[in-house]
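A short write-up of the structure that comes next.
Here is how names work: the chains are called A, B, and so on, in the same order as the sequence lines, proteins then strands, and each is numbered from 1.
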Protein chains: 2
Amino acid sequence: MKSDPAFDLSHFLPYMLNQAAEAASLGFQQVYKQRYGMLRTEWRVLFHLGRHGEMTAKAICERARIHKTKISRAVKALEDRRFLIRHEQQSDRRVELLSLTRAGAAAYADLSAIARDYDQQLAAQFSETERAILRQCLQQLADLPARARE
Amino acid sequence: MKSDPAFDLSHFLPYMLNQAAEAASLGFQQVYKQRYGMLRTEWRVLFHLGRHGEMTAKAICERARIHKTKISRAVKALEDRRFLIRHEQQSDRRVELLSLTRAGAAAYADLSAIARDYDQQLAAQFSETERAILRQCLQQLADLPARARE
DNA sequence: CCCAGTTAGTTGCAAGCGCAACTAACTGGG
DNA sequence: CCCAGTTAGTTGCGCTTGCAACTAACTGGG
């Protein structure tokens with residue numbers, strides 16, 4: 001019945017990556033979910049605006065590699081909660097520059113501090129060498145298909 | 001505006017893991033989607049039955065760490081496509097042993113061979129050492145929260 | 001100066017998901 | 001021997017997602 005006894009899901013890289021990603025995301029996900037009722041995309045948009053200042057939705061799409069409809073809905077949700085405001089551009093009225101409100105900036109400060117601690121805690125189980133290799137491999141995996149698509 | 005200039009999403013482990021997992025899964029996802037119209041959970045159920053022979057839905061849940069409702073729907077879908085059949089147990093009529101049909105086994109053989117190739121192709125960009133460390137780190141990340149929850 | 005093509009962002013819809021509630025079947029202490 | 005508790009699996013529901021179609025606004029070649 002086994003066509004290939006050498007192959008096993010538990011050694012299949014996409015599977016391992018998904019399991020690890022899911023497990024590693026869980027703890028922090030609970031924080032922004034319980035504390036601010038946010039979804040992942042909302043946290044990411046909040047993060048980008050907090051980190052990089054004013055941005056358009058388009059720019060966030062490109063940086064974060066998230067589809068524009070997800071961004072659109074996340075922006076709306078964050079706007080409804082008064083975490084960001086839109087600034088229409090008179091030079092091009094299709095474009096909206098987004099920026100965090102005071103409340104949004106406070107949420108960003110809170111969450112990014114927690115994220116940093118959480119990350120350090122996660123990374124603490126590995127040696128310096130392991131961390132370096134892990135990060136480099138992950139970067140490479142994330143980048144490779146994008147390059148292939150271009 | 002930046003509360004912590006040292007923190008960046010692109011170095012945040014859960015984020016990197018998710019990006020890498022998404023990118024790495026894409027190529028193979030297209031195969032089982034286009035070739036068999038399967039969802040990820042369906043492929044995983046197919047895989048488990050192909051690899052381990054007869055199993056109950058419960059056993060697949062535990063091994064694959066997938067919620068029972070997802071498994072239930074995946075089993076139904078695979079059954080509808082005649083890829084598996086259910087065997088009621090007379091000793092305990094709540095339990096259903098699942099096993100692949102000939103068509104299911106053929107799909108498993110096809111997909112697992114592709115998965116093996118795909119995995120090798122993905123791994124080929126790394127050195128032996130990198131592969132070993134990457135796999136070990138991912139395993140550890142995937143296992144850690146489960147242990148913490150027990 | 002205008003219309004075909006492009007771009008920024010939104011929306012409708014169908015599909016997948018998580019959760020909680022449910023059914024059906026089994027188990028064991030009193 | 002029975003009913004309270006547990007287990008295997010399913011279903012209904014509301015929410016998130018992805019896709020394609022849409023609106024509104026801009027651009028540039030003829």
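For A/S72, the side chain to side chain donor-acceptor pair (under 3.5 Å) criterion is met by no residue, not counting sequence neighbours. For B/E22, there are no side chain to side chain donor-acceptor pair (under 3.5 Å) partners at least two apart in sequence or on another chain. Not a single side-chain contact (heavy atoms from CB on, under 4.5 Å) links A/K33 to another residue, sequence neighbours left out. The side chain to side chain donor-acceptor pair (under 3.5 Å) search around A/E79 returns A/R86, not counting sequence neighbours. Listed by chain and residue number, A/R131 satisfy the side chain to side chain donor-acceptor pair (under 3.5 Å) test with A/E128 (two or more places apart in sequence, or in another chain). Every side-chain contact (heavy atoms from CB on, under 4.5 Å) that A/S127 has, sequence neighbours left out, goes to A/T129, A/E130. Taking the side-chain contact (heavy atoms from CB on, under 4.5 Å) definition, one finds that A/T69 meets it with A/H67, A/R73, sequence neighbours left out.
In this entry the distance linking CD of B/E22 with C1' of D/dG18 reads 12 Å, nearest Å. Counting to the nearest Å, the C1' atom of C/dG18 and the CD1 atom of B/I66 are 14 Å from each other. A straight line from CZ of A/R65 to P of D/dG18 spans 15 Å, rounded to a whole angstrom.
Of all the residues in residues 27-40 of chain A, A/L39 reach under 4.0 Å from DNA chain D with at least one non-hydrogen atom.
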- Message: For nucleotides 2-11 of chain D, give me one character per nucleotide, 5' to 3': B if any protein heavy atom sits under 4.0 Å from the base, S if the only such contacts are to the sugar-phosphate, - if neither.
- Response: -----BSBBB
- Query: According to the Watson-Crick and G-U wobble definition with distances under 3.5 Å, which dot-bracket string, read 5' to 3', encodes DNA chain D, using [ ] for crossing pairs and | for pairs with another strand?
  - Reply: ||||||||||||||||||||||||||||||
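In the hydrophobic clustering (ILVMFWY side chains linked at under 4.5 Å, chained through shared members), B/V95 stands by itself. Annotation for B/I133: hydrophobic cluster partners, listed by chain and number, are A/I133 (ILVMFWY side-chain heavy atoms under 4.5 Å, direct or chained).
Comment: A/R116 does not engage B/D8 in a salt bridge, judged by the lack of any side-chain N to carboxylate O separation of less than 4.0 angstrom.
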